[in-house]
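This report refers to the structure that appears directly beneath it.
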Amino acid sequence: MWACTVLAFALLYYELDSGGAAARAHHRPATPALAFPQHLNPELSPPGWRPRFIDYLYLGFTNATAFSPTDVMPLAPWAKIVMSVQALLSLLILGLVVARAVNVLA
């Protein structure tokens, strides 16, 4: 269930960031909704770098694991809301797993 949540939110980030994958392929957005480290330090990335699905998958994984943004910062309000919902959902899943484990041991 947790892995499905990570994958679902990665797809959501991929589809919503900067107008979606098609819009990112045709032009570079002036202001991205999610600031990747390569955006913040362009000298660390090849010229014309754009986020790919693996970058959004990593974002979904780290947000679900740490319950907060790690290296990718949400800039747009929708990104902040979606990342908060993902962290809350992951915390809820963790709580249910722990509750089930305590119930089985008791």
Side-chain angles (χ1 to χ4, degrees):
M1 189 168 156
W2 180 82
C4 289
T5 303
V6 169
L7 186 59
F9 276 93
L11 285 168
L12 188 63
Y13 297 134
Y14 184 69
E15 287 298 321
L16 293 178
D17 186 33
S18 303
R24 283 191 306 275
H26 290 93
H27 60 76
R28 187 177 201 119
T31 56
L34 296 166
F36 287 88
Q38 293 87 340
H39 291 137
L40 303 175
N41 293 320
E43 64 274 358
L44 298 177
S45 61
W49 181 87
R50 293 180 185 176
R52 296 178 301 176
F53 180 71
I54 189 70
D55 299 304
Y56 295 102
L57 184 61
Y58 178 75
L59 167 61
F61 176 79
T62 57
N63 192 42
T65 304
F67 310 119
S68 66
T70 54
D71 62 341
V72 180
M73 292 293 116
L75 302 177
W78 72 261
K80 293 174 183 179
I81 291 169
V82 171
M83 289 182 82
S84 297
V85 168
Q86 183 188 14
L88 184 63
L89 189 59
S90 295
L91 189 60
L92 178 67
I93 291 170
L94 177 65
L96 290 172
V97 168
V98 169
R100 174 72 176 147
V102 168
N103 187 33
V104 167
L105 294 174

* Determine, step by step, whether Trp49 and Asp55 satisfy the side chain to side chain contact (heavy atoms under 4.5 Å, CB included) criterion, reporting the C-alpha distance in whole Å, the side-chain angles of both residues, the deciding distance to 0.1 Å, and the verdict. => CA-CA 12 Å; Trp49 181 87; Asp55 299 304; 3.5 Å; yes
* To do: Apply ring pair (Phe, Tyr, Trp, His ring centres under 6.0 Å) to the pair Tyr14 and Phe9, showing each step before the final yes or no.
  => CA-CA 8 Å; Tyr14 184 69; Phe9 276 93; over 10 Å; no
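- Here the CG-NE2 distance, from Leu75 to His39, works out to 9.5 Å after rounding to the nearest 0.5 Å.
- Ile54 is connected to Val72 through a chain of hydrophobic side-chain contacts under 4.5 Å among Ile, Leu, Val, Met, Phe, Trp and Tyr, so both are in one cluster.
- Side-chain contact between Tyr56 and Leu11 is absent, with no heavy-atom pair separated by less than 4.5 Å.
- From Thr70, atom OG1 reaches atom CG of Leu59 across 7.0 Å, with rounding to the nearest 0.5 Å.
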* Show your reasoning for whether side chain to side chain contact (heavy atoms under 4.5 Å, CB included) applies to Thr65 and Trp2. => CA-CA 10 Å; Thr65 304; Trp2 180 82; 3.5 Å; yes
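- A side-chain donor-acceptor contact under 3.5 Å links Tyr13 and Gln86.
- Residue Trp78 holds its CH2 atom at 9.5 Å from CE of Met83, rounded to the nearest 0.5 Å.
- A continuous path of ILVMFWY side-chain contacts below 4.5 Å connects Val6 to Val85, so both sit in one hydrophobic cluster.
- With rounding to the nearest 0.5 angstrom, the OG1 atom of Thr5 is 12.0 Å from the CG atom of Leu12.
- Taking 4.5 Å as the limit, some side-chain heavy atom of Leu94 sits within range of a side-chain heavy atom of Val98.
- Distance check, rounded to the nearest 0.5 Å: CG of Leu92 to CG of Leu88 gives 6.5 Å.
- If you chain together hydrophobic residues whose side chains sit under 4.5 Å apart, Met1 and Leu7 fall into the same group.
- When the side chains of ILVMFWY residues are joined at heavy-atom separations under 4.5 Å, either directly or via intervening members, Leu89 and Tyr58 end up in two distinct hydrophobic clusters.
- Here the rule is side chain to side chain contact (heavy atoms under 4.5 Å, CB included) with Pro74, and of Leu34, Asp17, Asn63, Val82 only Leu34 fits it.
- Although no hydrogens or angles enter the test, the distance criterion places no donor-acceptor pair under 3.5 Å between the side chain of Ser90 and the main chain of Ala87.
- Distance check: Glu15 CD to Phe53 CZ gives 9.5 Å after rounding to the nearest 0.5 Å.
- Around CZ of Phe61, the count of heavy atoms belonging to other residues, nucleotides or ligands within 6.0 Å does not exceed 12.
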